[in-house]
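Worksheet for the structure shown next.
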There are 2 protein chains.
Amino acid sequence: MKNSEKQYSYEYPRPALTVDCVVFAYDEGELRVLLIKRGEEPFLGAWALPGGFVHMDEDLDTAAARELEEETGVKKVFLEQLYTFGAVDRDPRGRVVTVAYYALVKLTNYKLHASTDASDAAWFSVHDLPSLAFDHQYIFDVAFKRLQAKITYEPIGFELLPNKFTLTQLQRLYETILEREIDKRNFRKRLLAMDIVEELDEVEQDVAHRAARLYRFDRSSYKRYLKEGFEFNL
Amino acid sequence: MKNSEKQYSYEYPRPALTVDCVVFAYDEGELRVLLIKRGEEPFLGAWALPGGFVHMDEDLDTAAARELEEETGVKKVFLEQLYTFGAVDRDPRGRVVTVAYYALVKLTNYKLHASTDASDAAWFSVHDLPSLAFDHQYIFDVAFKRLQAKITYEPIGFELLPNKFTLTQLQRLYETILEREIDKRNFRKRLLAMDIVEELDEVEQDVAHRAARLYRFDRSSYKRYLKEGFEFNL
DNA sequence: CTTACTTAGTGTATGATATACACTAAGTAA
DNA sequence: TTACTTAGTGTATATCATACACTAAGTAAG
């Protein structure tokens, strides 16, 4: 039964397979998500996660990266598989299974791009999302929870900041994502104890007060840190 | 481009979509996985994860549960989505994307079943796996790492034990999965501090030494524990 | 019935880590 | 020169993790 089924299943009807991306960016104390406005039915005019069909000759990761670039101009960013959503009725047009990804982008690199290249793309605060097409609100919820969990045990927060950042910026990022305040001295103590950020001989520019020192995430130090059996934890 | 593509993509060729299950069980100090012997090409005679095609009218979770029951007789068990594997060349017959799940079963309930109902199914020690079909070894590796990680922060270990168990059995389970020894007193201290297991008025039977007290995982206490803001941690 | 054997069951002291908390330093702007 | 804003720093205390060893209870064999 099971084996014969397997043999002939290639002629069975197949669900359509898509990828969708929850793209996060951090902008001055706010966490944002990139959405595109739908140009057709169903959900014409509604906002949706960028995404599209998986081609026969590309991996899932490749498909997600391609769709993201085609629809929003965003490329070469942190992109990780989130979960696969396959409820039978999630798309009114028929059976569509979607492999969802989440991406973290440095907004400085894409602020212009998203608004020029794709006039139907826009950044929304995660606390002020419009009504979303399909089950995209649910996908977003899963992505946001994953981000909150993962930022505490993997150094992915750096993906949302410029290469050079101040410790206060990093702390604000954590406070924004985790939605709670963090003690300044304890935060810095824990971060510096890991020895995975490099202190630069530079300070921030154009601020109307004492300028803060800039730091850079040091990926090779992080790998060494992991090898020694420690784990990232903030 | 992107939108028009979406509109017409339903006529594009579609990857086949399957589910595969990594089924774990714990048997007297050994962690085991349930495999089935393939009855056709490719990989005829090789061992593989149980799985099969997703039907058009069933959710992914449903498909995984159905395939598991059809191929191995295992049903109503802990079953959770693991990851979706979609490398272009992972199946020599063509493009097949698989949504992998992992399951945790109480072996006592299925020991007979798997060997009678499906003569091509067998339990293997995770440390002595045969060569697996397709990319199933890789899928297994991902599943095992997930299990190791998740057992420390979610109370899923209980899914692998009988409803009534001794604290030593639970400790051995953790030692087996995490592949390291754990201090007896500290383990019990941490576990009991969470107040999520119920001490029963029963002891184990038919042992040639002092009988250990039996306990039961108390799911409602666990939920209360979570609501109070604590987190499972062993 | 006594002894040997096996596993159950328990507490404490020490070190490590997390937390709570407040002032001085440096720069800009008026 | 003064007011304002943010940067940058240390310590004391509480909490938690770890290391560690003996007595209790039952079975089995002589």
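Below, read A as the first sequence line, B as the second, and so on, with proteins coming before strands; counting in each chain starts at 1. Predicted model, so just to flag it, every value in this text is computed and none were measured.
Nucleotides of DNA chain D lying under 4.0 Å from heavy atoms of chain A occupy a range whose first and last members, 5' to 3', are D/dT5 to D/dT11.
Residues B/Asp201 and B/Arg213 are in side-chain contact: their nearest non-hydrogen atoms beyond the backbone lie under 4.5 Å apart.
Between B/Phe144 and B/Phe140, the two ring planes are parallel [angle under 30°; tilted spans 30° to 60°].
Here the closest heavy-atom approach between residue A/Pro162 and residue A/Thr108 is recorded as CG-CG2, 4.3 Å.
Between B/Gln169 and B/Asn186, it is B/Gln169 whose nearest contact on DNA chain C lies nearer the 5' terminus. For A/Asp183 and A/Ala211, each mapped to the nucleotide of DNA chain D holding its nearest heavy atom, the one lying further toward the 5' end belongs to A/Ala211. Mapped onto DNA chain D by nearest heavy atom, A/Ala208 and A/Leu167 fall at different nucleotides, with A/Ala208 at the one closer to the 5' end. Along DNA chain C, the nucleotide nearest B/Lys184 and the nucleotide nearest A/Asn233 are compared for position; the residue whose nucleotide lies closer to the 5' end is B/Lys184.
Side chain of A/Thr152 to main chain of A/Ala149: a donor-acceptor pair is present (N/O by atom type, distance under 3.5 Å, no hydrogens or angles). At least one donor-acceptor pair closer than 3.5 Å links the side chain of B/Gln205 to the backbone N or O of B/Val203.
Look at C/dA30: its Watson-Crick or wobble partner, with both distances under 3.5 angstrom, is D/dT1. D/dA14 is paired with C/dT17 under the criterion used here, namely a Watson-Crick or G-U wobble arrangement in which both key atom distances are under 3.5 Å. Shown here, D/dA19 forms a base pair with C/dT12; the pair counts as Watson-Crick or G-U wobble because both key distances fall under 3.5 Å.
Contacts of residues 187-194 of chain B with DNA chain D (heavy atom under 4.0 Å): B/Lys189, B/Arg190.
A salt bridge is absent between B/Glu199 and B/Arg216; no separation between the charged side-chain nitrogens and carboxylate oxygens falls under 4.0 Å. We find that B/Glu159 and B/Arg219 are joined by a salt bridge, their nearest charged nitrogen and carboxylate oxygen being less than 4.0 Å apart.
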Hey, can you pull the donor-acceptor pairs under 3.5 Å for the side chains in residues 164-172 of chain B, sequence neighbours left out?
residue: B/Lys164; atom: NZ; partner: B/Glu202; partner atom: OE1; Å: 3.3
residue: B/Lys164; atom: NZ; partner: B/Glu202; partner atom: OE2; Å: 2.8
residue: B/Thr166; atom: OG1; partner: B/Gln169; partner atom: N; Å: 3.0
residue: B/Gln169; atom: OE1; partner: B/Thr166; partner atom: N; Å: 3.0
residue: B/Gln171; atom: NE2; partner: B/Glu175; partner atom: OE2; Å: 3.1
residue: B/Gln171; atom: NE2; partner: B/Ile182; partner atom: O; Å: 2.8
residue: B/Arg172; atom: NH1; partner: B/Glu175; partner atom: OE1; Å: 2.9

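Across all strands shown, B/Thr168 has heavy atoms under 4.0 Å from sugar-phosphate atoms exclusively, and none from any base.
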Exercise for the section: Before giving the answer on salt bridge (Lys or Arg N to Asp or Glu O under 4.0 Å), spell out for A/Arg66 and A/Glu70 the whole-Å C-alpha distance, their side-chain angles and the decisive distance to 0.1 Å. Expected result: CA-CA 6 Å; A/Arg66 177 185 52 74; A/Glu70 281 180 10; 3.3 Å; yes

